[in-house]
Amino acid sequence: MSTGIKNLVRTLDSVDFLKMDRRTFMKALGAMGAATFLGTYKSEIVSALEFAETKLVWLHGSECTGCSESVLNAGNPDLVQALQKLNVNLAFHETLCAQQGIWNDGKLVNTSELNSEILLEDLYKEGKYFLVVEGSIPNGPDGSGRYLVIGNKTFKESLGEAAKNAIAVIAVGACACWGGITSADSEVAKDTDYRGVAFAKEDSSKGMLKELGIDKPVINIPGCPAHPDWVLLTLGAVILGKIKLEDIPSVVDDYGRPMVFFPPDHTVHENCPRRGYYDRGEFDTEVGGEKCLWKLGCKAPYSHADCGIRRWNGSVSMCTQAGGPCIACVEPGFPDSSRPLYVEREDVGIAGTNIDTVAKVAVGAAAVAAGVHAVRRMGKGE
C-alpha cells in the first residue's frame, strides 16, 4: 500500500463511516482494497447490519464463470469473510449452490432445499434482494432467447423474473455489461443476438432489460474478469446504503461504471509500472521484454480503470506488469472495441494518424511520447 493510501486509511480509521458523506465514503472505496475497507470498519459494519440480512441472487448467463472465479480468488477477505462481514445471505449462486436440480436419484424433488428451480421461485416471490448477473443473455433466434435454456426456461425469461422484484441489478463482467465475447462480430452474431443487462455493446437502447420492458437501476462492473475489489466494494456500498438507488446516476459514468473504480479522467496507462519506458520512447517489439508494450497493442492509454493502483492477485501484479498488453477489457463494446488485440492502436487510425507519423516530426524519444499524448488528446477531443 502506498504512503498516500496509508495516510488516508489512518485518517479515516478514526471516522465513523456511517456518518461519512457519500463523497468521503466513495473516496475511501477508491483508495482502499476490500480487505482494508472491510477490516477498518468491521465493528461498525457488524453493528449497522446486526439485525439486517441482505440477500443476493447471483445468476449465470452465457459465460465462462471467470468472474465468479475471480471473486472466489479474493484472498483477504475471501468471499466467505466478505459475506459474513456484510451480513449477506448468498441465497442463490448456480455454481456454488448445493441444490441438486429437479430430479434427485430418479425422483422428483419438490423442496427448495434440494431443487434450485423451486428455490428461485420462492426467492422471486419474497423479493428484496440484490440481483447479480454474470454472463450475457442471448436474445436469438428471432427474439426467442432459445440459445440458452436452463430447466426448460430461457435465461432471458429467468432474468426478467429475477429483475422484476430485485432492489437493483449489478452486472459483473464484460459479458453481463455489454455482451462480451459471446457478442463479438461473427457470422452467427446476428442470429444469437447476445446482449448485456443494460447495454448491447455500446448501445443502451438494446440492453436486455429494456428489451423486456423492465426499468431497474443497474450498476456495471466490467472486466474480463472483474476485479474482486470492484465487485465486493460495490456490493458493500449498495448493501450498506452508501450508494442509494437515487444516488446511482451520480456515481457512475455514461456506461453505468462506478467512477471511483473506472475514472473518466484516468487511464491504466498513467500508473502502469512500464510507464517510464513509454515516456523515454523505449518499446518492446517482441513478447517477453521489459519495456513499454505499446507496439504490442497495449490499450492501457484508452482503458479507464484503477488496475495500475489497485493491482491484481493480492495487489502484487497486473497484466502489463506480467508482460501482457492491456486489452481494454473494461471498455464498452469489448472485445470488438479493442480488436485487433495485439496490434499497435495508432496503426489502425486513431485520430487519423499513427505513431510513425508522429515520430517523423518529433525530435528524440521524449518528443515522440509527447506527440503521441497530443494525438491521443486530439482523438478524445480534449
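Note that these values count all heavy atoms, side chains included, but never hydrogens, waters or copies made by symmetry.
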- [ ] Answer yes or no: is there a donor N or O on one side and an acceptor on the other, between the side chain of Lys291 and the main chain of Gly281, under 3.5 Å?
- [x] no
Open item on the list: Distance check, rounded to the nearest 0.5 Å: Cys319 atom SG versus Leu293 atom CG?
Closed with: 10.5 Å
- [ ] Answer yes or no: is there a side-chain heavy-atom contact under 4.5 Å between Leu96 and Trp58?
- [x] no
Open item on the list: If you count every heavy atom of other residues, nucleotides or ligands that lies below 6.0 Å from Glu246 atom CD, does the total exceed 12?
Closed with: yes
- [ ] Take Glu282 and Arg280 through the salt bridge (Lys or Arg N to Asp or Glu O under 4.0 Å) test and state the conclusion after the steps.
- [x] CA-CA 6 Å; Glu282 298 178 25; Arg280 293 193 296 273; 3.2 Å; yes
- [ ] For Phe334 and Ser337, work out which heavy atoms get closest and say how close.
- [x] N-OG, 3.2 Å
TODO: Consider only side-chain N and O atoms of Ser136 and Thr182, and report whether a donor and an acceptor are under 3.5 Å apart.
DONE: yes
Open item on the list: Taking Pro264's backbone N and O only, do any of them form a donor-acceptor pair with His304's side chain (distance below 3.5 Å, no angle check)?
Closed with: yes
Open item on the list: Strictly distance-based, threshold 3.5 Å: is any side-chain N or O of Asn220 a donor or acceptor partner for the main-chain N or O of Pro222?
Closed with: no
- [ ] Over 60° means perpendicular and under 30° means parallel, so classify the ring planes of Trp178 and Phe199, tilted if in between.
- [x] perpendicular
Task: Which residues share a salt bridge (charged side-chain N to carboxylate O under 4.0 Å, His left out) with Asp336, sequence neighbours left out - done: Lys201, Arg339
Open item on the list: Just checking Trp294 against Tyr277, ring centres under 6.0 Å apart?
Closed with: no
Task: Non-neighbouring partners of Arg274 that pass salt bridge (charged side-chain N to carboxylate O under 4.0 Å, His left out), sequence neighbours left out - done: Asp284
- [ ] First locate atom CG of Asp191, then atom OH of Tyr147, and finally report the distance between them rounded to the nearest 0.5 Å.
- [x] 5.5 Å
Open item on the list: A side-chain contact here means heavy atoms from C-beta on lying under 4.5 Å apart; do Phe92 and Leu119 qualify?
Closed with: yes
TODO: Answer with yes or no whether the hydrophobic clustering places Val188 together with Val149; edges join I, L, V, M, F, W, Y residues whose side-chain heavy atoms lie under 4.5 Å apart.
DONE: no
- [ ] Return the minimal non-hydrogen interatomic distance between Val238 and Phe130, and the atom names on each side.
- [x] O-CZ, 3.8 Å
- [ ] Taking all heavy atoms of Ala226 and all of Trp312, pick out the closest pair and write down the distance.
- [x] C-CH2, 3.7 Å
TODO: Indicate yes or no: at least one non-hydrogen side-chain atom of Ile219 is less than 4.5 angstrom from one of Pro258.
DONE: yes
Open item on the list: Taking the side chain as everything from C-beta on, heavy atoms only, tell me whether Arg257 gets closer than 4.5 Å to Val252.
Closed with: no
Task: Check: Tyr342 and Ile327 side chains under 4.5 Å, non-hydrogen atoms - done: yes
Open item on the list: Tell me if a side-chain donor or acceptor on Asp306 pairs with a main-chain N or O of Ile309 at a distance below 3.5 Å.
Closed with: no
Open item on the list: Show me the pairs that pass salt bridge (Lys or Arg N to Asp or Glu O under 4.0 Å) and involve residues 202-219, at least two apart or across chains.
Closed with: Arg195-Glu211
Task: Single-linkage hydrophobic cluster, 4.5 Å side-chain cutoff, Leu72 and Val132 together - done: yes
Task: Nearest-0.5 Å distance that lies between atom OG1 in Thr65 and atom CD in Glu69 - done: 6.5 Å
Open item on the list: The criterion is salt bridge (charged side-chain N to carboxylate O under 4.0 Å, His left out); which residues satisfy it with Glu270, sequence neighbours excluded?
Closed with: none
Task: Heavy-atom check, side chain of Pro141 versus side chain of Arg146, under 4.5 Å - done: yes
Task: Pair Lys299-Glu331, salt bridge (Lys or Arg N to Asp or Glu O under 4.0 Å): steps then yes or no - done: CA-CA 10 Å; Lys299 308 294 191 299; Glu331 290 303 300; over 6 Å; no
Task: Check: Asp78 side chain, Gln81 main-chain N or O, donor-acceptor pair, under 3.5 Å - done: yes
- [ ] Answer yes or no: is there a side-chain heavy-atom contact under 4.5 Å between Asp265 and Pro263?
- [x] yes
- [ ] Indicate yes or no for a side-chain donor-acceptor contact from Glu344 to the backbone of Leu296 under 3.5 Å, with no hydrogens or angles considered.
- [x] no
Task: Minimum heavy-atom distance between Cys329 and Cys224, given as atom pair plus value - done: SG-N, 3.3 Å
- [ ] Using atom types as modelled and distance alone, determine if a side-chain donor or acceptor of Thr234 lies under 3.5 Å from a backbone N or O of Val231.
- [x] no
Open item on the list: What's the separation between atom OG in Ser116 and atom CD in Glu121, rounded to the nearest 0.5 Å?
Closed with: 10.5 Å
Open item on the list: Applying side-chain contact (heavy atoms from CB on, under 4.5 Å) to Leu59 and Leu131, what does each step give before you reach the verdict?
Closed with: CA-CA 8 Å; Leu59 296 183; Leu131 174 62; 3.9 Å; yes
Open item on the list: For a side-chain contact (heavy atoms from CB on, under 4.5 Å) check, start with the C-alpha distance between Thr320 and Cys298, then their side-chain angles and the critical distance, and finish with the verdict.
Closed with: CA-CA 8 Å; Thr320 58; Cys298 186; 4.0 Å; yes
Task: Tyr194-Leu148 co-clustered via ILVMFWY side chain contacts under 4.5 Å - done: no
Open item on the list: Using only atom types and a distance under 3.5 Å, with no angle test, would you say the side chain of Glu126 pairs donor to acceptor with the backbone of Leu123?
Closed with: no
TODO: Please confirm whether the backbone N or O of Leu341 pairs with a side-chain atom of Ser338, one donor and one acceptor, at under 3.5 Å?
DONE: no
- [ ] State yes or no: do Val260 and Leu235 share one hydrophobic cluster built from I, L, V, M, F, W and Y residues joined by side-chain heavy-atom distances below 4.5 Å, directly or via other members?
- [x] yes
Task: Heavy-atom closest pair, residues Gly180 and Pro335 - done: O-CD, 3.5 Å
- [ ] State, without any angle test, whether Asn271 and His266 hold a side-chain donor-acceptor pair at a distance under 3.5 Å.
- [x] yes
Open item on the list: Please report the interatomic distance CD1(Ile221) to CZ(Phe262), rounded to the nearest 0.5 Å.
Closed with: 5.5 Å
Task: Leu159 CG to Met208 CE distance, which is reported to the nearest 0.5 Å - done: 7.5 Å
Task: Residues in side-chain hydrogen bond (donor to acceptor under 3.5 Å, both in side chains) contact with Glu94, at least two apart in sequence or another chain - done: none
Open item on the list: Hydrophobic cluster membership, with links at side-chain heavy-atom distances under 4.5 Å among I/L/V/M/F/W/Y: are Leu212 and Phe155 in one?
Closed with: yes
TODO: Give the intermediate values and the outcome of side-chain contact (heavy atoms from CB on, under 4.5 Å) for residues Trp230 and Val71.
DONE: CA-CA 9 Å; Trp230 299 339; Val71 173; over 6 Å; no
Task: Exercise: identify the closest heavy-atom pair between Ala189 and Thr192 - done: O-OG1, 3.3 Å
Open item on the list: Side chains of His93 and Ser68: any donor to acceptor distance under 3.5 Å?
Closed with: yes
Can you list, pair by pair, the side-chain donor-acceptor contacts under 3.5 Å of residues 161-174, counting residues two or more places apart and other chains?
residue, atom, partner, partner atom, Å
Glu161, OE1, Lys153, NZ, 3.1
Glu161, OE2, Lys153, NZ, 3.4
Asn165, ND2, Tyr124, O, 2.6

TODO: Find out whether Arg311 and Gln321 are in side-chain contact, i.e. whether some heavy atom of one side chain is under 4.5 Å from a heavy atom of the other.
DONE: yes
